[in-house]
Protein chains: 2
Amino acid sequence: MPTPLLQGTLDLLVLKTLSWGPRHGYAIARWLEETTGDALQIEEGSLYPALYRMERKGWIEADWGKSDLGKRIRIYSLTYEGRAQLRAELAQWKRFSAAVASVVAPA
Amino acid sequence: MPTPLLQGTLDLLVLKTLSWGPRHGYAIARWLEETTGDALQIEEGSLYPALYRMERKGWIEADWGKSDLGKRIRIYSLTYEGRAQLRAELAQWKRFSAAVASVVAPA
DNA sequence: CCCCATACCTTGATCTTCTAGGTACATACC
DNA sequence: GGTATGTACCTAGAAGATCAAGGTATGGGG
C-alpha cells in the first residue's frame, strides 16, 4: 500500500535535497527514496509539477545539462529565496510535527 | 499567519482526541487547540466535514445530547473500527515523520 | 532486436482543507 | 428591550496538491 505524501511536505523535501547541491529531477526522487529507506515514494506526477511550481515562485532555478549516461537532464539549484523558503518550511515543519506529537504522545 | 493543516492529519488528531472519551465537535476543536498551544487551528469548515466522513466510514459514531449550557450537541465516540484506524494512522504518522526527519536532519 | 533503466512530461480525477458565509440560543450588560 | 459575545452546528464553493496512468526518447546489455 502506497503511503500518500502529506500535502505541502514535498516542497520541503525537495528544497532540503537541493540544499546539498544541484540535482536533476529524477535524481532528487531517487535520493529521497534512498535516504528514507523507501518510506517515501516520490511519484513523478507529483515531483515535476512541484518543480515547476517552485521554479515559478523563484525558489529554484533550472539549467539543461547531460548526465553521466549522456542523457539530457534538467538540473535544479536553490536560489537565495529558496534558502529562505527552506528555513521557513523547516521551522513550520518542526512546529507542526511537535504539535502533532503533543497530541498523539502526551507527556 | 495561519498554518494550514497537513492533509490527512486531521483524521489522526480527531481519532486520538476521541480515544480519551466521547466529545462533541466544538469541544474536539477547542481541546486540540489548547493541547497544541494554538499551534494548530482547527477550522470548523474542515472539522465538521471530517466528522461526517469518518462517521460514514464507521470509525466514529454520533449521538445527540445536551451540553452543560443546555445547548444541543452531537457527541462522537470511537468505534472498534475507529480504534484500529487510529492504530494504523498512528503507525503511518510515525513512519512518515521519521522519514521526513531523516531528510531534514540527517544523522 | 528487444528489454530495461534513465529521464522528462502531461492530463484528469480525487481528495482535503479553507473561506466565508449561515442558523440558533443562552447569558451578560446597558 | 436591545445588543454583544460565546457556544454549537452546518454548508457551498474555491483552491490546492497529490496521484494514477498514460506518453516520449535514448542508451546499454543481452
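Whole-Å rounding puts the Glu55(B) CD to dC9(D) P distance at 13 Å. For the pair Leu5(A) CG and dG16(D) C1', the computed distance is 15 Å after rounding to whole Å. The distance from atom CG of Leu47(A) to atom C1' of dA20(D) is 15 Å, rounded to the nearest whole Å. Spacing between atom CG of Asp63(B) and atom P of dC9(D) amounts to 13 Å, rounded to whole angstrom units. A straight line from NE2 of His24(A) to C1' of dT26(D) spans 14 Å, rounded to a whole angstrom. dG22(D) atom P lies 14 Å from atom CD of Glu43(A), rounded to whole Å. The distance from atom CG of Leu51(A) to atom P of dA17(D) is 13 Å, rounded to the nearest whole Å. Note: CD (Glu89(A)) to P (dA17(D)) measures 11 Å, nearest angstrom.
No donor-acceptor contact under 3.5 Å links the side chain of Gln7(A) to the base of dC15(C).
When distances run from any side-chain atom of Trp64(B) to the nucleotides dC9(D), dC25(C), dT18(D), the shortest one goes to dC9(D). Across dA17(D), dT17(C), dC9(D), the shortest atom-to-atom separation from the side chain of Lys57(A) is found for dA17(D). Comparing dC8(C), dA8(D), dT11(D) by their closest approach to the side chain of Glu44(A) singles out dC8(C). Listed candidates were dA17(D), dT17(C), dC8(C). Nearest to the side chain of Leu10(B) is dT17(C).
Toward the 5′ end of DNA chain C lies the nearest nucleotide of Arg74(A), the other residue of the pair Arg74(A) and Leu6(B) mapping further downstream. Heavy-atom distances to DNA chain D give each of Gly45(B) and Thr9(A) a nearest nucleotide, and the one nearer the 5′ end belongs to Gly45(B). Comparing Arg53(A) and Tyr52(B), the nucleotide of DNA chain D nearest to each residue sits closer to the 5' end for Tyr52(B). Taking the nucleotide of DNA chain C with the nearest heavy atom to each of Leu69(A) and Ile42(B), the more 5' of the two is matched to Leu69(A).
Evaluated for a side chain to side chain contact (heavy atoms under 4.5 Å, CB included) with Tyr76(A), the options Glu61(A), Met54(A), Glu55(A) yield exactly one hit, Glu55(A).
Ring pair Phe96(A)/Trp93(A) is tilted by interplanar angle, where 30° to 60° counts as tilted.
A sub-4.0 Å separation between OP1 or OP2 of dC8(C) and a side-chain N or O of Tyr48(A) is present. A sub-4.0 Å separation between OP1 or OP2 of dT16(C) and a side-chain N or O of Ser46(B) is absent. Considering only side-chain N and O atoms, Tyr26(A) lies under 4.0 angstrom from the phosphate OP1 or OP2 of dT6(C). Taking 4.0 angstrom as the limit, Ser67(B) places a side-chain polar atom (N or O) nearer than this to OP1 or OP2 of dA8(D).
Taken to the nearest 0.5 Å, the CD1 atom of Ile42(A) stands 10.5 Å off from the CH2 atom of Trp31(A).
Heavy-atom neighbours of Trp64(B) CH2 from other residues, nucleotides or ligands within 6.0 Å: above the threshold of 12.
At least one cation-pi condition fails for Arg56(B) and Tyr52(B): the charged atom is not both under 6.0 angstrom from the six-membered ring centre and inside a 45 degree cone around its axis.
Across all strands shown, Gly25(A) has heavy atoms under 4.0 Å from sugar-phosphate atoms exclusively, and none from any base.
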